[in-house]
Visitor: 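One structure follows; several queries about it will come next.
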Amino acid sequence: PLVADAEMLGTPDPELASTMGFSGFGKKARTFDLEAMFEQTRRTAVERSRKVLEAREREKEDQTEKEFRIPYTASSVSASRPTRPGSTLTEREAVCSESEDNSNEALSGPSMQSRSSAKVPAEDTDDDDDDDDEDEDEEFIGPPLPPGFKDSDDDNDNDDTEEEDNNPVKKIPDSHEITLQHGTKTVSALGLDPSGARLITGGYDYDVKFWDFAGMDASLQAFRSLQPCECHQIKSLQYSSTGDVILVVSGNSQAKVLDRDGFPVMECIKGDQYIVDMTNTKGHTAMLNSGCWHPKIKEEFLTCSNDGTVRTWDVNNEKKHKSVFKPRSVQGKRVIPTTCTYSRDGKLIAAGCQDGSIQIWDRNMSVHTKFHCRQAHASGTDTSCLTFSYDGTVLASRGGDDTLKIWDIRQFKKPLNSADGLPSFFPMTDCCFSPDDKILVTGTSVKKGGGSGKLFFFYRETFQKLYEIEVTDASVVRCLWHPKLNQIMVGTGNGLAKVYYDPVKSQRGAKLCVVKTKRKERQAETLTQDYIITPHALPMFREPRQRSTRKQLEKDRLDPMKSHKPEPPVAGAGRGGRVGTHGVTLSSYIVKNIALDKTDDSNPREAILRHAKEAEENPYWVAPAYAK
């Protein structure tokens, strides 16, 4: 019965099959040529075993050569590593390791991948199965390494790191520099986002410029420039802790917050300047001096102003400040804060004041100061910068009295260390800590033609001057050492923003844009004369068809009539001998009419002599005066 069933299934009724959808059952079974398959398998096996044998022979030859040629020194032992039969670097791995070496210049010494690939090369895909068993029993060639022996490469690396620890100057990334041209006036503000991808610069020319390291080529052009505060100098720029918004502090009384692309997010409210008690106003009433973001709370920021207050704000509430801190002098009078900052954990708020004091409050208690140093700097000078170290225990202050001091806020009576003879002419001269917290950096100011502005590096523990960089022939105002990039940004008094970096020690940042070649400047394909297609026009009216816009452009460029730039209309007041467009006032209308062309082209001599006869007959001015 089974055979019968099989026969039935093998040859179904065609009508039933089409009705029930069994049409696939009628196909023939696939046949296999077993002899051909066996023959192919045998050939493959022979080929494979031949390859394995050749690889083994080659390995034996290499081993005997090494035994004869290389003496058994420690270095040769470290150099000879186990090689596997038939092992060669695959082409892809070789390319990978090569590109890895090129791109990872930042790592000192050979890259990890290239080392590991040198020690354990990739195996051929053909002999995976055969080699696995042999590899288990395989040992190093030559005698075992001595117990205290290290690889020579590792030795060098360790020496280098020890040397760097002993000599902090080697950690300063200053072997290369790039110069970003912000403008011609002082670069008074610098900001880098937390990832180090974008730099913003602000200056006395009211401009804020955005620089994208990944998007820039070697021409080093800013991708955006704007004036967020109209005609007010930019005092401070800073990205928030998440890098999505920017705080702009300018010479007016209202701080602004912009997004990453420069579009406004919020503007602080202006206070009522007729109220005496500054606590009762909703915002600042005088020029701002400085500002910064809370290091942990991304919506909160801090500003200080000439109205004698330090205020905290919330980005989501622009109608009123969060809290007010009022610095006071020894006599209890109002004193102006010139700089302000948060501690690294955001729990303390510090302000440097014009009476030379540094006052520190608990962020949640705005009435009394928690720490107070009355005579930190000379009275009447602008303390231009306060900054906390990364470990949060030390505060550095840059005074307008040409000094740089560091303080332990727990013992706030006298500074731990101090350096003087560092001239500062700007109310925003910076100081900052290195990423490892061991070096303190600040810039110096110079008068015009008085030498070069310098960047000084001091050892934090002893305050010994480690190093100096001559930046440019103008003052060094802003400095910023980014911990992720390990690059130093400097803003100068002649409109430059310089970036110092080291191809090995630094990451990304300026390294990304210097390797890109300048884009070829293509002539803008401007619209040429409109070409009107008129197929049925008479030959005398038909326009010649334009073959190429570029050729036409070149022709038009040579034509003095077509390439003449028309005078732009005069906006506002007139200039250059041209009267401005007359507005609604009567005086402007009269001036416009007076200036209308009423020139007399006749000969001026004839014009005067026309009156000669009348003057002779009827003298009125000169003759009667001399007659008496």
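Everything numeric in this text was worked out from a predicted model, so none of it was measured.
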Visitor: Does S305 use its side chain to pair, donor to acceptor, with the backbone of D307 at less than 3.5 Å?
Guide: yes
Visitor: Checking S188 side chain against I234 main chain: does a donor-acceptor pair fall under 3.5 Å?
Guide: yes
Visitor: Just jot down the ring pair (Phe, Tyr, Trp, His ring centres under 6.0 Å) partners of F412, sequence neighbours excluded, or say none.
Guide: W407
Visitor: Who are the side-chain hydrogen bond (donor to acceptor under 3.5 Å, both in side chains) partners of S434, not counting sequence neighbours?
Guide: D436
Visitor: Using the ring pair (Phe, Tyr, Trp, His ring centres under 6.0 Å) rule, collect all pairs that involve residues 246-272, keeping only residues at least two apart or in two chains.
Guide: none
Visitor: Return the set of residues passing ring pair (Phe, Tyr, Trp, His ring centres under 6.0 Å) with H372 (not counting sequence neighbours), or none when no residue passes.
Guide: none
Visitor: By the salt bridge (charged side-chain N to carboxylate O under 4.0 Å, His left out) test, which pairs, at least two apart or in different chains, include something from residues 258-279?
Guide: D193-R260, R198-D261, R224-D261, D277-K326
Visitor: Would you check if the side chain of Q487 reaches a backbone N or O of Q507 as a donor-acceptor pair within less than 3.5 Å?
Guide: yes
Visitor: Verify side chain to side chain contact (heavy atoms under 4.5 Å, CB included) between E177 and V499, making sure each step is shown before the conclusion.
Guide: CA-CA 5 Å; E177 66 173 270; V499 182; over 6 Å; no
Visitor: Spell out, as yes or no, whether a donor-acceptor pair under 3.5 Å connects the side chain of D362 to the backbone of L348.
Guide: no
Visitor: With sequence neighbours excluded, tell me which residues meet side-chain hydrogen bond (donor to acceptor under 3.5 Å, both in side chains) with W293.
Guide: none
Visitor: Take a 6.0 Å sphere around NZ of K320 and say whether it holds more than 12 heavy atoms from other residues, nucleotides or ligands.
Guide: yes
Visitor: Checking T442 side chain against D430 main chain: does a donor-acceptor pair fall under 3.5 Å?
Guide: yes
Visitor: What residues form a side-chain hydrogen bond (donor to acceptor under 3.5 Å, both in side chains) with S343, not counting sequence neighbours?
Guide: D345
Visitor: Checking side-chain polar atoms at under 3.5 Å, does T383 have a donor or acceptor matched by the opposite partner on T339?
Guide: no
Visitor: Could you pull out all residues at least two apart from D355 that satisfy salt bridge (charged side-chain N to carboxylate O under 4.0 Å, His left out)?
Guide: none
Visitor: With sequence neighbours left out, what residues match F463 under ring pair (Phe, Tyr, Trp, His ring centres under 6.0 Å)?
Guide: F458
Visitor: Any donor-acceptor pair under 3.5 Å linking the side chain of H321 with the backbone of W313?
Guide: no
Visitor: Flag yes if more than 12 heavy atoms outside K185 fall under 6.0 Å of its NZ atom; otherwise flag no.
Guide: no
Visitor: Taking only residues two or more places apart in sequence or in another chain, which ones pass ring pair (Phe, Tyr, Trp, His ring centres under 6.0 Å) with H294?
Guide: Y342
Visitor: Output yes when a side-chain donor or acceptor of D382 lies under 3.5 Å from a complementary backbone atom of S384, and no otherwise.
Guide: no
Visitor: Kindly indicate whether the side chain of L386, heavy atoms from C-beta on, has any atom under 4.5 Å from the side chain of L395.
Guide: yes
Visitor: Salt bridge check: are D207 and K209 linked by an N-O gap of less than 4.0 Å?
Guide: no
Visitor: Check whether any side-chain N or O of R344 sits under 3.5 Å from a backbone N or O of D391 as a donor-acceptor pair, and report yes or no.
Guide: no
Visitor: Can you find a pair of side-chain heavy atoms, one from R508 and one from H482, that are under 4.5 Å apart?
Guide: no
Visitor: Any chance you could measure I406, atom CD1, to T387, atom OG1, to the nearest 0.5 Å?
Guide: 12.0 Å
Visitor: What's the separation between atom CG in N252 and atom NZ in K235, rounded to the nearest 0.5 Å?
Guide: 9.5 Å
Visitor: State which residues pass side-chain hydrogen bond (donor to acceptor under 3.5 Å, both in side chains) with K298; sequence neighbours excluded, sorted by chain then number.
Guide: none
Visitor: Output all residues satisfying side-chain contact (heavy atoms from CB on, under 4.5 Å) with S418, sequence neighbours left out; order by chain, then residue number.
Guide: K405
Visitor: Looking only at atom types and distance, does a side-chain atom of T444 sit under 3.5 Å from a main-chain N or O of K454, one as donor and one as acceptor?
Guide: yes
